[in-house]
Amino acid sequence: LDPDTTPMMPPMVGVVSFGQRPVEQVAVDGDTVYVGVDGTSWQEQRQIVYAIDASDPTSPEILSEYDDFWYPNIVSLDLAASNGLLYAAHPPGSPSLRDFDLVRGLVILDMLADPSDPSVLGAYKGRTAAFSGLDVEGDTVYLFDRGEGLVALDASNPTDIVRLGNYHSPAALRQIE
């Protein structure tokens, strides 16, 4: 969409179709758009994440996909992207990522180094791993943990994520901007 043309009703510039599957989350990093899409049916109970090259907005192209997120309660991931990496946080109620045997948590993916085989670089489970908000600034990841409040992580080495600290808020926070 081109919001500069008509802010109230921007014209469509390019399209990527996911059939009738709803888009749940979007994260942007430069010309790469990451899109979390529900699986093809409620029985599948999974979310697929696509990396899309949007350098030419009139002709966006799917670069890779990752579909190892499984959900019995059909909940969506929180997504953030920075420096060519995708950060996906499992929200409360979500089950395991098959490759990592996590009940819930943060997973860092590289979907661009080898688009035919996206790889999990690292993960962070935390104390409760019931995450419901996510943002990335440089190498620092911020997320809300149900038991710890706002948590800051050093992800400069995705294979060894370090907890920097937390701020426990009395409110149930769900979004970081």
Side-chain angles (χ1 to χ4, degrees), residues 1-40 44 46-71 75-91 94 97-100 105-124 131-144 151-162 164 174-177:
L1 296 175
D2 183 0
D4 296 328
T5 308
T6 312
M8 297 304 285
M9 193 66 156
M12 191 171 310
V13 176
V15 175
V16 174
S17 176
F18 303 106
Q20 296 198 10
R21 297 175 291 174
V23 171
E24 295 290 335
Q25 290 285 329
V26 175
V28 179
D29 183 26
D31 289 334
T32 305
V33 178
Y34 297 91
V35 179
V37 178
D38 272 352
T40 56
E44 256 188 305
R46 67 180 178 147
Q47 189 170 47
I48 303 165
V49 177
Y50 293 93
I52 299 168
D53 177 1
S55 57
D56 177 1
T58 63
S59 183
E61 181 180 333
I62 294 176
L63 299 172
S64 66
E65 70 178 69
Y66 189 81
D67 66 354
D68 276 353
F69 299 107
W70 291 81
Y71 304 97
V75 292
S76 63
L77 296 168
D78 284 321
L79 301 178
S82 180
N83 300 320
L85 300 178
L86 176 68
Y87 300 77
H90 284 224
S94 60
L97 172 72
R98 290 182 295 173
D99 290 345
F100 254 107
L106 171 74
V107 178
I108 301 177
L109 296 160
D110 185 345
M111 296 183 64
L112 303 178
D114 181 0
S116 65
D117 188 23
S119 59
V120 175
L121 299 179
Y124 174 81
F131 304 140
S132 60
L134 175 66
D135 195 19
V136 179
E137 290 293 326
D139 291 328
T140 306
V141 177
Y142 300 93
L143 48 85
F144 290 119
V151 177
L153 305 170
D154 176 357
S156 57
N157 178 359
T159 62
D160 185 26
I161 300 168
V162 177
L164 298 172
R174 289 185 165 68
Q175 187 172 349
I176 301 173
E177 301 247 352

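The model shown is predicted, which means the values in this text are computed figures rather than measured ones.
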Q: Could you give the distance from OH (Tyr66) to CG (Leu109), rounded to the nearest 0.5 Å?
A: 5.5 Å
Q: What is the distance from atom CD of Glu65 to atom CZ of Phe18, rounded to the nearest 0.5 Å?
A: 10.0 Å
Q: Search all heavy atoms of Asp78 against all heavy atoms of Leu134 and return the closest pair with its distance.
A: O-CD2, 3.3 Å
Q: Measure the spacing between CD1 of Ile62 and CG of Asp53 and express it to the nearest 0.5 Å.
A: 11.5 Å
Q: Check whether any side-chain heavy atom of Pro158 lies under 4.5 Å from a side-chain heavy atom of Leu85, and answer yes or no.
A: yes
Q: Drop me the distance from Leu79's CG to Asp29's CG, to the nearest 0.5 angstrom.
A: 12.5 Å
Q: At their closest point, which heavy atom of Asp139 faces which heavy atom of Ser156, and how far apart are they?
A: OD2-CB, 3.5 Å
Q: Counting only pairs under 3.5 Å, give me each side-chain donor-acceptor contact of residues 111-122, with atom names and distances, residues two or more places apart or in other chains.
A:
{"from": "Asp114", "atom 1": "OD1", "to": "Ser116", "atom 2": "N", "distance (Å)": "3.3"}
{"from": "Asp114", "atom 1": "OD1", "to": "Ser116", "atom 2": "OG", "distance (Å)": "2.7"}

Q: For the residue pair Ser55 and Asp31, what are the closest heavy atoms and their distance?
A: CB-OD2, 3.5 Å
Q: Roughly how far, to the nearest 0.5 Å, is the OH atom of Tyr87 from the OH atom of Tyr34?
A: 10.0 Å
Q: Would you name the heavy atoms of Thr32 and Ala51 that are closest together and state the gap between them?
A: CG2-CB, 4.4 Å
Q: Give me the atom names and distance for the closest heavy-atom approach of Ala27 to Ala81.
A: CB-N, 3.9 Å
Q: So among Val162, Ile161, Leu164, which one has a side chain to side chain contact (heavy atoms under 4.5 Å, CB included) with Leu153?
A: Ile161
Q: Working to the nearest 0.5 Å, report the span between CG of Leu86 and CD1 of Ile108.
A: 9.5 Å
Q: Using every non-hydrogen atom in the two residues, find where Ser82 and Val136 come nearest and quote the distance to one decimal.
A: CB-CG1, 3.6 Å
